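What follows is a single structure, written as structure tokens, with notes after it.
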Amino acid sequence: MKLIVVESPTKAKALSSYLKDENTSYKVLASYGHIRALSKKSGSVDPEHDFDMHWEIPTKADKALKSILSQAKLSDEIILATDPDREGEAIAWHLCQLLKKSEINKKISRMSFHSITPNAIKESLKNLDKINEKLVDAYMARLGLDYLVGFSISPILWRKVPGSKSAGRVQSAALRIITDRESEIEAFIPQNYWTFHAIFTQKKHQCSADLIEFEKEKIDKFTIQADQLESIMQKLKQEVYHVSDIEIKDQIKRSSPPLITSTLQQEAANKLGWQPIFTMKVAQKLYEGIQIGNNITGLITYMRTDSVHIAKDKIEECRNLIKNTFGDDYLPATPNTFKSKVRNAQEAHEAIRPTNFKHTPNSIKEYLDNDCFKLYKLIWERAVSSQMSPAVYEICNLTIQGAKSVWKAHGVKNKFDGFQKLYNLEKSENTEVWNFIKDQVLQQDIKTEEHQTKAPSRFTETSLIKYLEEHGIGRPSTYANILYVLQSRQYVVKQNKSLVPSNLGWLVSAFLKSHFSLYVQDEFTSELENELDLVSNGEKEWKKLLKDFWNEFKLKIHESTNLNIKDVFKNISNTYMYHFFKSDKEVKCTKCSDGIQELRISKGNGFLCCSNYPNCKWNKSIESELDQNQVIVGQDPVTQDEILIKHGPYGYYLQWGSTDIKTRIMLPKMFEPPHNLTLEEAMELKNFPKVVGIANEDNSEIKVGIGKFGPWILYKNTYVSLKKNPFTVTLEECMEILNLPRNKKKIDDKNQKAKK
């Protein structure tokens with residue numbers, strides 16, 4: 001008997017089905033994730049005793065651990081088959097430690113695979129190995145750093161910024177990036193500039209062109225001033241124009257590499273509108289296996305990876321599919337190769353790809369729920385298109401000249417769609433330019449356009465992930481959780497697709513930037529990732545990394561502990577002064593003659609008050625001025641009121657009407673950001689609590705509602721927790737939960753109405 005330990009029951013079920021016909025008897029059990037974690041008490045990482053770590057077994061892991069230890073005693077060999085990354089290696093290492101602690105001295109092996117298919121599992125059983133100590137060291141170093149930063153800064157943050165939740169090594173850097181960008185946007189002063197455009201006509205053909213040179217001077221954004229417009233226009237209209245040059249050339253666009261963790265999250269956000277945390281949950285289901293016929297089949301390779309490599313045999317499988325499906329023209333002579341743009345890419349050996357390219361999305365659609373189908377289709381199409389021929393465009397550039405001016409017109413035509421037959425098809429534009437010939441006089445219609453420079457764009461989840469990856473901040477496998485934490489801590493609010501710092505987010509970021517500036521900067525966070533990579537590669541000892549970091553960091557912690565609260569407010573004010581005061585210098589009180597406006601904090605909200613308080617009681621809410629925490633859900637189809645999600649001193653709430661407030665209801669915790677509340681859900685919440693029907697035995701109403709701790713059922717003044725969807729739960733389901741006799745009579749009109 002051999003015991004195999006994996007993380008999830010779905011994975012366990014898949015492996016059990018693959019190995020049931022083997023000569024060796026296998027028992028596959030799930031650990032249900034991490035079996036041991038750092039103690040939640042202070043001092044769990046002890047710098048004074050060589051960074052000794054104190055562990056505890058979470059309550060939810062008790063049952064799984066007992067089963068594993070019990071089965072391990074009955075087994076001849078224990079095989080640890082957790083995920084092939086740093087976290088998976090850590091789970092395997094913890095299991096090893098607990099087996100030793102329980103004096104279970106059996107042979108222990110490490111089994112590693114990147115896809116859950118019969119061949120991959122059986123092949124990996126032939127190549128068992130030991131636990132990778134370098135990855136374990138990297139896990140210990142990262143865990144130690146995150147603990148030392150979080151447990152050192154967070155208590156200071158709680159005392160100095162009331163209402164704050166936590167600080168984190170990468171989380172705080174990401175928050176600072178978002179607030180810095182928002183600060184740039186707020187302080188941005190737009191500038192006007194002008195451009196000249198023309199519609200040139202030759203016979204019946206027209207093309208648009210831009211002025212690029214006038215009187216031998218190249219036209220840049222700010223070349224033309226407002227007072228020059230009229231005179232330049234007069235001169236341009238007097239000129240005679242002709243095509244002086246026609247340039248036609250081919251432009252090749254190559255396919256993108258197969259997806260990795262970060263690009264999977266970006267593509268799912270762009271194409272499906274999904275949050276990264278949700279994308280990873282769906283990907284996990286596809287990786288662990290879907291019931292197809294009588295078998296559980298893992299449909300994709302491991303989804304936490306920053307490698308763009310695909311195994312040779314799978315490239316060949318993919319190329320055969322391309323040839324048979326699309327024809328020889330779509331198959332390049334040699335396989336396409338890609339180089340990872342992620343620094344020290346190492347999380348896994350392959351990109352995210354289908355385990356079997358013959359499993360086309362439509363061929364297995366009946367086995368997949370809607371979300372799994374959408375994501376699998378995205379992964380399959382990106383992987384297949386990565387091995388297809390380039391797309392080819394024909395480019396036509398016209399040079400149009402007058403006596404003193406030069407204009408450019410540009411056209412693009414699809415010549416061969418290549419990989420874009422399957423992925424990201426781009427359309428042709430301005431094909432009329434091909435009809436123009438040289439040296440003939442052109443008719444012209446010249447216009448000028450006024451423009452304004454635009455502020456930098458706010459970060460979306462997609463663009464923030466791209467920024468973090470490009471700057472080497474954090475690891476792609478952690479991005480989804482970073483974004484989730486920022487929103488669940490209410491530091492960041494999602495407006496449409498943009499990430500906007502909340503009032504609390506501004507305060508926390510300003511505090512960290514003013515007192516822990518080094519530790520939230522791009523360069524420092526990125527350099528620390530490089531150090532962690534050295535640990536992963538065995539080039540640096542993990543305890544030395546912690547020691548080097550802690551020796552400087554503890555001095556900053558000690559310094560910040562003794563901060564005067566007035567100094568804290570002053571430093572926060574100065575960090576983002578324009579945001580708080582709409583000015584880059586001190587602002588006088590609008591009520592008294594000699595006071596100045598000062599920042600204060602209460603329950604996580606900043607407000608302005610007079611420095612002469614309590615003699616002068618002037619104050620102003622920052623939030624009412626900026627309304628940063630507002631998210632538009634939609635429009636009430638009945639009342640036509642705008643429905644908003646807002647955040648106040650007591651949490652999130654729904655508001656009907658943006659100016660003339662008609663209705664406000666507290667938003668249940670389960671629907672707080674980062675949950676994307678739909679218009680339908682908002683309308684349902686407005687009607688809660690609702691009657692779902694009448695209990696048959698005593699004609700008492702059964703109601704369903706949602707409270708602070710989730711959905712509930714109310715029957716005869718007794719509340720019972722509801723684990724089902726409160727929007728769709730039926731009367732019969734409620735009665736079953738309440739353990740009431742089934743209603744065998746026909747439901748009356750009132751019940752029918754309630755159910756609708």
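Residues: numbered from 1 along the sequence shown. Values reported hereafter were calculated over all heavy atoms of this structure, with side chains retained and with hydrogens, waters and symmetry mates removed. Just so it is clear, the structure is predicted and the values come from calculations on it, not from any experiment.
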Q: Assess whether atom NZ of Lys588 is packed by more than 12 heavy atoms of other residues, nucleotides or ligands within 6.0 Å.
A: no
Q. How are the rings of Tyr193 and His451 set to each other: parallel, tilted or perpendicular (split at 30° and 60°)?
A. parallel
Q. Should Leu599 and Leu507 count as side-chain neighbours, where that means a heavy-atom distance under 4.5 Å?
A. yes
Q.
Once rounded to the nearest 0.5 Å, what's the spacing between atom OG of Ser262 and atom CZ of Arg475?
A. 10.5 Å
**Q.** Phe188 and Tyr578 aromatic centres sub-6.0 Å
**A.** no
Q) How about Phe688: does its CZ atom have over 12 heavy atoms from other parts shown lying under 6.0 Å from it? A) yes
Q: Might you work through the side-chain contact (heavy atoms from CB on, under 4.5 Å) test for Ile572 and Trp506, ending with a clear yes or no?
A: CA-CA 9 Å; Ile572 290 176; Trp506 278 103; over 6 Å; no
Q. Can you check whether Ala269's main-chain N or O pairs, donor with acceptor, with Thr462's side chain at less than 3.5 Å?
A. no
Q.
Any carboxylate oxygen within less than 4.0 angstrom of a Lys/Arg side-chain nitrogen, looking at Asp371 and Lys281?
A. no
Q | Flag side-chain contact, heavy atom, 4.5 Å: Lys218 against Thr223 | A | no
Q: Evaluate the side-chain proximity of Tyr484 to Gln275: yes if any heavy-atom separation is below 4.5 Å, no if none is.
A: no
Q. Within a radius of less than 6.0 Å around NZ of Lys617, do more than 12 heavy atoms belonging to other residues, nucleotides or ligands occur?
A. no
(Q) Please find the pair of heavy atoms, one from Thr590 and one from Trp618, that lie closest to each other, and give the distance. (A) OG1-NE1, 3.0 Å
(Q) My understanding is that only one of Ile212, Ile219, Ile446 makes a side chain to side chain contact (heavy atoms under 4.5 Å, CB included) with Trp407; could you say which? (A) Ile446
Q) Does a side-chain heavy-atom distance below 4.5 Å link Gln171 with Ser166? A) yes
Q. Is a donor on one side and an acceptor on the other found under 3.5 Å between the side chain of Ser152 and the backbone of Val149?
A. no
Q) Does Tyr491 offer a backbone N or O that forms a donor-acceptor pair with the side chain of Ser502 under 3.5 Å? A) yes
Q: May I ask you to check if Lys271 and Tyr423 form a cation-pi contact, with NZ or CZ under 6.0 angstrom from the six-membered ring centre and within 45° of the axis?
A: yes
Q: Given ring pair (Phe, Tyr, Trp, His ring centres under 6.0 Å), test Tyr467 with Tyr479 step by step and report yes or no.
A: CA-CA 11 Å; Tyr467 181 96; Tyr479 294 157; over 10 Å; no
Q. Does any N or O in the side chain of Arg181 come within less than 3.5 Å of the main-chain N or O of Ser457, such that one atom is a donor and the other an acceptor?
A. yes
Q: Decide yes or no on side-chain contact (heavy atoms from CB on, under 4.5 Å) for Val587 and Leu608, but give the supporting numbers first.
A: CA-CA 11 Å; Val587 180; Leu608 303 180; over 6 Å; no
Q: Find out whether Ile177 and Ile473 are in side-chain contact, i.e. whether some heavy atom of one side chain is under 4.5 Å from a heavy atom of the other.
A: yes
Q) How close do Leu546 and Gly144 get, heavy atom to heavy atom, and via which atoms? A) CD2-C, 3.9 Å
Q | Nearest-0.5 Å distance that lies between atom CZ in Phe214 and atom OG in Ser405 | A | 7.0 Å
Q: Hey, could you give me the CD1/CZ distance between Ile224 and Phe196, rounded to the nearest 0.5 Å?
A: 5.0 Å
Q: Indicate whether any N or O donor in one side chain lies under 3.5 Å from an N or O acceptor in the other, for Gln265 and Glu469.
A: no
Q. Between Ser208 and His197, do the side chains contain an N or O donor and an N or O acceptor separated by less than 3.5 Å?
A. no
Q) Is the number of heavy atoms from other residues, nucleotides or ligands under 6.0 Å of Glu230 CD greater than 12? A) no
(Q) I'd like to know whether His471 forms a side-chain contact (heavy atoms from CB on, under 4.5 Å) with Ser526, so could you lay out the CA-CA distance, the side-chain angles of the two residues, the decisive distance to 0.1 Å, and finally the verdict. (A) CA-CA 7 Å; His471 290 78; Ser526 173; 5.7 Å; no
Q) Can you tell if the side chain of Arg458 reaches within under 4.5 Å of the side chain of Lys497, non-hydrogen atoms only? A) no
Q: List the atom of Leu259, the atom of Leu378, and the distance in Å for their closest heavy-atom pair.
A: CD1-O, 4.2 Å
Q) Between Glu598 and Arg600, is the closest basic N to carboxylate O distance under 4.0 Å? A) yes
**Q.** Shortest non-hydrogen separation from Ser172 to Leu512 and the atoms involved
**A.** OG-CD1, 3.4 Å
Q. Does any N or O in the side chain of Arg176 come within less than 3.5 Å of the main-chain N or O of Val520, such that one atom is a donor and the other an acceptor?
A. yes
Q: Specify the closest pair of heavy atoms between Thr179 and Gly505, including all atoms of both residues, with the distance to one decimal.
A: CG2-O, 4.1 Å
Q) Side chain of Ser340, backbone of Val308: donor and acceptor closer than 3.5 Å? A) no
(Q) Check the orientation of Tyr519 and Phe549. Use parallel for under 30°, tilted for 30 to 60°, and perpendicular for over 60°. (A) perpendicular
Q.
Does Glu586 have more than 12 heavy atoms from other residues, nucleotides or ligands lying within 6.0 Å of its CD?
A. no
**Q.** Inter-residue atom distance Gln597.CD - Phe581.CZ, 0.5 Å rounding
**A.** 7.0 Å
Q. Okay, side chain of Ser498, backbone of Thr460: is any donor-acceptor separation there less than 3.5 Å?
A. no
Q) Distance from Leu143 atom CG to Leu38 atom CG, nearest 0.5 Å? A) 4.0 Å
Q.
Check whether Ser154 reaches the backbone of Phe151 with its side chain - one donor and one acceptor, N or O, closer than 3.5 Å.
A. no
(Q) Using only atom types and a distance under 3.5 Å, with no angle test, would you say the side chain of Ser560 pairs donor to acceptor with the backbone of Ile557? (A) no
Q | Step-by-step side-chain contact (heavy atoms from CB on, under 4.5 Å) determination, Leu375 to Thr279 | A | CA-CA 8 Å; Leu375 193 62; Thr279 299; 4.1 Å; yes
Q: Count the heavy atoms of every other residue, nucleotide or ligand shown that sit under 6.0 Å from NZ of Lys466, and state whether that count exceeds 12.
A: no
Q: Return yes if some donor-acceptor pair links the side-chain N/O of Thr453 with the main-chain N/O of Pro190 below 3.5 Å, else return no.
A: no
Q. So do the side chains of Arg142 and Arg169 get within less than 4.5 Å of each other, counting heavy atoms only?
A. yes
Q | Taking every non-hydrogen atom, the tightest pair across Ile601 and Lys160 | A | CD1-O, 4.3 Å
Q) Phe278 vs Trp274 aromatic rings, parallel, tilted or perpendicular, using cut-offs 30° and 60°? A) perpendicular
Q | Separation of Asp636 CG from Lys686 NZ (nearest 0.5 Å) | A | 4.5 Å
**Q.** Exceeds 12 heavy-atom contacts within 6.0 angstrom, atom CD of Gln452
**A.** yes
Q: With the side chain counted from C-beta on, respond yes when Ile352 and Arg382 share a heavy-atom pair under 4.5 Å apart, and no when they do not.
A: no
Q) Trp550 vs Phe553 aromatic rings, parallel, tilted or perpendicular, using cut-offs 30° and 60°? A) tilted
